[in-house]
Protein chains: 2
Amino acid sequence: MTELDIAEVAQRAGVPASTLRFYEEKGLIASTGRRGLRRQYDPGVLERLALIALGRTAGFSLDEIALMFTPEGEPRIDRRMLTDKAEELDRRIRELGALRDSLRHAAACPAPRHLECPTFRRLLDAAASGGVTTPRRRVPPR
Amino acid sequence: MTELDIAEVAQRAGVPASTLRFYEEKGLIASTGRRGLRRQYDPGVLERLALIALGRTAGFSLDEIALMFTPEGEPRIDRRMLTDKAEELDRRIRELGALRDSLRHAAACPAPRHLECPTFRRLLDAAASGGVTTPRRRVPPR
DNA sequence: TCTTGACCTCAAGTCGACTTGAAGTAGAAC
DNA sequence: GTTCTACTTCAAGTCGACTTGAGGTCAAGA
């Protein structure tokens, strides 16, 4: 018996069972059957969940992730999509880096009030003019 | 007459008027008065809005940002909070960097299927084991 | 056989940051 | 004086990813 019970999948994947049901409803994963009421899963679901988790941290939505699987369940990852996302990450990384540097500067800045610190003001102007972007979408806390 | 009409503030700050009202309701900004029904603002509100935008891109919630102003409206930025956030950004940057590299690798990877690519598998394992973190909170699209 | 407890379904709720819609109002142009 | 229109208020809706709650079911252990 190589099938996994939902509780075991939940435990091994580190997500609540409710999330597994939710993913199934969304078509992201599938159970192989039931034992009584309980969903049973093929161990391969763990890999799939890992793929989903990966996609999420890369900033893909669940709907986008759903498109990364063929109807047969094989991952179908568009290389173009990956490079696009890599570039997006690059931009975000540069932004965050600049922001981090400025935060550190502001923290160490000797100016009595932040508004008098030129570095801080530059940051502010950048933020005001949209030079710093807000991310598209975020994941709620676990 | 140095006061700005809400429409002008909205235009100059690049946010809809509804956002200004919302921020006012949250106590993040204040109007100096009304002309008829219309809110009038001190030009200083633009700086304040920039500060808010900055805080948002750094990942602070509106509630956290509200705490960054004294009841008198002066920015009161805790230097400790800034360094903490800088460190948080640092961690996130490192994660995203690793993710970006892996995405690029996967995109260029000659393995016929991603699941057969060792780099991709390593990424997957990291994601599965929670080695890659999901951000706390995200900002919806504009 | 009976009880237990972990699962089940389905609808509704949550969270953050806003947006949208209906119904009203006032300054300004005509 | 009338109309236009951009504002006003307040409640409700939206979006994504789940979680929660009520009421039900069933395999396994005592």
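The chains referred to below are lettered A, B, ... by the order of the sequence lines, with proteins before strands, and numbering in each begins at 1. These values consider heavy atoms only, across backbone and side chains, with no hydrogens, waters or symmetry-generated copies.
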May I have the distance from Leu37(B) (atom CG) to dA23(C) (atom C1'), rounded to whole angstrom?
13 Å

For Asp5(A), is there any backbone N or O sitting under 3.5 Å from a side-chain donor or acceptor partner on Arg35(A)?
no

Can you measure Arg21(A) atom CZ to dC10(C) atom P for me and round it to whole angstrom units?
12 Å

In chain order, what residues pass the ring-ring contact (aromatic ring centres under 6.0 Å, His included) check against Phe22(B), with sequence neighbours excluded?
none

Distance criterion of 3.5 Å, no angle test: do you see the side chain of Arg35(A) paired donor-to-acceptor with the base of dA27(D)?
no

Grab the CD1-C1' distance between Ile52(B) and dG16(C) for me, whole Å please.
15 Å

Any side-chain to backbone donor/acceptor pair from Arg34(A) onto Gln40(A)? Under 3.5 Å, distance only.
no

Can you measure Arg34(B) atom CZ to dA26(C) atom P for me and round it to whole angstrom units?
12 Å

When you check the phosphate oxygens OP1 and OP2 of dC18(D), does a side-chain N or O of Tyr23(A) lie under 4.0 Å from one of them?
yes

From CD of Glu25(A) over to P of dA11(C), roughly how many Å is that when rounded to an integer?
10 Å

Of all the nucleotides listed (dC18(C), dT8(D), dC7(C)), which has the minimum atom distance to the side chain of Ala7(A)?
dC7(C)

Atom-pair distance (CD on Glu64(B); C1' on dA17(C)), nearest Å
14 Å

To the nearest Å, how far apart are Phe22(A) CZ and dG16(D) P?
10 Å

Of the listed nucleotides (dT19(C), dA17(D), dT19(D)), which one gets closest to any side-chain atom of Thr19(B)?
dT19(C)

Of all the choices, dC8(C), dA17(C), dC7(D), which nucleotide is nearest to the side chain of Arg56(B) once you look at every atom?
dA17(C)

Indicate yes or no for a side-chain donor-acceptor contact from Arg79(B) to the backbone of Ala106(A) under 3.5 Å, with no hydrogens or angles considered.
yes

Would you indicate which nucleotide in dT8(D), dC8(C), dC18(C) comes nearest to any side-chain atom of Arg39(A)?
dC8(C)

Under 4.0 angstrom, heavy atoms only, what part of the nucleic acid is Ser18(A) near: base, sugar-phosphate, or nothing?
base

Donor-acceptor pair present, Arg38(B) side chain and dA6(D) base, under 3.5 Å
yes

Taking atom P of dG27(C) as reference, at what distance in whole Å does atom CG of Asp5(B) sit?
13 Å

Along DNA chain D (nearest heavy atom to each residue), the more 5'-positioned of Ile6(B) and Ala17(A)
Ile6(B)

Check ring-ring contact (aromatic ring centres under 6.0 Å, His included) between Tyr41(B) and all other residues, then give those that pass, not counting sequence neighbours.
none

